[in-house]
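Order of appearance sets the numbers: ligands from 1, and atoms from 1 within every ligand.
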Amino acid sequence: MKTRWYKDAVVYQIYPRSFCDSDGDGIGDLRGIISKLDYIKELGVNAVWLSPIYKSPNDDNGYDISNYRDIMDEFGTMEDFNEMLKGMHDRGIKLIMDLVANHTSDEHEWFVRSRASKDNPYRDYYIWRKGRGKNGKKPPNNWTSRFGGSAWEYDDTTGEWYLHLFSKKQPDLNWENPAVRKEIADICNFWMDKGVDGFRCDVITYISKEEGLPNGKFNPIMCGDEHFVLGPKYHEYIHELNKNSWSKYDSYTVGESTGITYEKAPECIDEKREELDTIFGFEHMCTDMYMEVIPHKFRLPRFTKVLTKWQNLPSGCWNTLFLENHDQPRSLGRFTGDYGDKRYEAATMLAVAMQMQKGTPFVYQGQEIGMINCKFRDEDYLDVMARQVFAIAGKIPFGKAIARACLAKRARDHARTPMQWSACENAGFTTGKPWMMLNPSYKTINVEADKNAGDKSIFAFYKKLHAFRIGNDVIKCGDYRQIDGGNKDVFAYIRSYEGKTLAVICNFKNKQVNFPIPAEVSRGKLVLGNYKDSRIGQPLRPYEAAVYEIGK
Ligand code: NOJ
């Protein structure tokens with residue numbers, strides 16, 4: 001029986017490598033997470049999404065899995081996992097694991113066998129093709145890897161190429177093969193039988209490739225998408241996986257769905273289809289980028305137009321709400337402009353703007369204390385994507401400088417610097433040498449300092465927000481309507497349900513602005529806000545965010 005518990009959930013995402021290290025090897029681990037379960041509980045969330053913790057050679061920090069049924073050495077053991085899961089459940093926290101099923105590591109036993117010869121049962125677990133050109137030395141088509149360069153790698157052993165839409169150490173699985181689909185369902189069942197509550201499904205919309213793997217339309221950065229994003233058998237495969245696994249449990253699934261627009265969303269998440277429960281739509285995250293990677297100016301109206309569109313998903317569909325994850329730079333600055341000494345106001349305003357909407361909110365580790373982007377030198381970037389960008393850019397004139405400028409704003413590394421627990425050595429993250437540089441901001445931005453910041457504590461605000469949100473039917477079920485006060489710096493909307501109405505008003509600028517209030521919301525009681533004395537109709541102070549209960 002599906003209780004659809006996720007509609008009342010706030011999910012906290014943990015990137016385990018950077019969360020908390022318990023044994024001094026400089027890498028976060030499961031016992032580190034266990035030591036912070038009370039912290040997570042205190043934040044008032046009721047679910048955790050854990051980025052991959054399975055065995056992996058870590059070419060892409062765990063998104064390259066070499067054994068789906070075992071724990072990465074650096075992270076601990078299955079006993080640690082069991083204890084962590086119990087610790088979560090004892091505290092009323094559900095656990096969502098990361099299901100990386102579009103590809104495996106090239107060190108997975110399946111691939112080791114697959115590449116060994118053309119005629120073994122595992123050959124067809126992956127996508128092998130002959131090359132083009134006289135000696136077959138050209139890749140089979142022009143598709144590009146999401147990390148840059150060709151999506152094909154030549155393999156000497158059998159003289160054929162394999163497809164990898166990410167790094168060459170992440171070969172794509174061949175979902176056409178029923179044995180592969182069965183393996184994936186079995187893996188899901190393995191973890192759900194242990195008590196896991198759901199999955200975040202990594203690049204799930206890429207699993208079905210068009211027959212014949214035709215060339216993509218010319219695109220120097222991302223070529224081939226039209227042949228594998230929501231490919232021809234995508235729905236068949238997901239429905240089957242739902243039937244063979246997810247539907248047997250009170251589970252929740254959220255699909256990472258790069259490239260899926262609002263118009264396409266219902267075919268992926270409408271309850272009647274019995275596929276995924278929700279997806280992460282990235283349209284709002286692309287409003288300050290060209291071609292999904294090149295930064296351009298953030299404009300609030302463009303951003304809120306997308307959010308508003310997604311608020312109006314047809315009934316039977318459920319939304320997700322997020323501004324950060326391990327692939328995105330930090331939201332402070334990005335969506336707020338220069339916040340100067342108003343970090344508390346800016347961070348809490350973003351929290352209100354997102355979490356008063358309809359859907360399941362996700363908070364990424366560090367967001368709850370207002371962590372910020374980091375300044376990196378070229379050699380500080382560790383992410384496989386950043387390294388690949390530099391390698392490719394280095395071959396073209398001014399390429400490095402352009403890459404540097406893009407990465408300064410966009411690199412995934414920004415979200416991956418270790419969690420800042422205190423101002424102590426290594427931010428209290430580890431007693432050893434951190435696997436990745438710390439953001440020097442930890443001296444002032446850290447959990448301990450934030451919790452001691454009294455009425456300027458971002459953590460305390462999130463806690464209040466979660467307590468207000470969870471179980472509030474107006475937020476969960478209410479209608480949504482954006483209010484147009486004619487000010488392009490303000491995001492305001494009304495939520496209403498069974499005669500109750502909330503008005504949400506957020507100033508995205510670090511300056512005072514006027515926002516003419518429509519008559520219908522001119523009287524109301526302040527129920528949540530980042531300034532204690534907000535009043536409807538007054539000019540909005542820098543990053544002022546307020547939620548009013550509107551009287552009849
Ligand atoms: C999306 C994940 O979020 C990202 O971190 C990873 O690099 C790719 N998928 C490949 O698994």
K.L.:
Between Glu275 and Tyr234, do the side chains contain an N or O donor and an N or O acceptor separated by less than 3.5 Å?
P.N.:
no
K.L.:
Any idea which of Asp202, Ile204, Ile65, Asp327 brings a heavy atom closest to atom 9 (N) of ligand 1?
P.N.:
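Minimum heavy-atom distance to atom 9 (N) of ligand 1 goes to Asp202.
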K.L.:
Looking only at heavy atoms of Arg200, does any of them come nearer than 4.0 Å to an atom of ligand 1?
P.N.:
yes
K.L.:
As an exercise, identify every atom of ligand 1 less than 4.0 angstrom from a heavy atom of Arg412.
P.N.:
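Listed by number with element: 4 (C), 5 (O), 6 (C), 7 (O).
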K.L.:
May I ask you to decide whether Lys400 forms a salt bridge with Asp378, counting only side-chain N to carboxylate O separations under 4.0 Å?
P.N.:
no
K.L.:
Side chains of Thr320 and Trp310: donor-acceptor distance under 3.5 Å anywhere?
P.N.:
no
K.L.:
With a cutoff of 4.0 Å, is Met385 in contact with ligand 1, counting heavy atoms of the residue only?
P.N.:
no
K.L.:
Which atoms of ligand 1 are found less than 4.0 Å from any heavy atom of Glu256?
P.N.:
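Result: 1 (C), 3 (O), 9 (N).
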K.L.:
Below 4.0 Å, non-hydrogen atoms only: which portion of Arg416 touches ligand 1? Side chain, backbone, both or neither.
P.N.:
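Just the side chain.
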K.L.:
Among Phe166, Phe280, Tyr15, which residue places a heavy atom closest to atom 8 (C) of ligand 1?
P.N.:
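That would be Phe166.
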K.L.:
Would you check if there is a donor-acceptor pair between the side chains of Thr104 and Gln170 at a distance under 3.5 Å?
P.N.:
no
K.L.:
Check Arg387 with Asp383, please: is the shortest side-chain N to carboxylate O separation under 4.0 Å?
P.N.:
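Between Arg387 and Asp383 there is no salt bridge, as every charged N stays at least 4.0 Å from the carboxylate O atoms.
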K.L.:
Any carboxylate oxygen within less than 4.0 angstrom of a Lys/Arg side-chain nitrogen, looking at Arg469 and Asp8?
P.N.:
no
K.L.:
Heavy-atom contact check, 4.0 Å cutoff: does His103 meet ligand 1?
P.N.:
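Heavy atoms of His103 do come under 4.0 Å of ligand 1.
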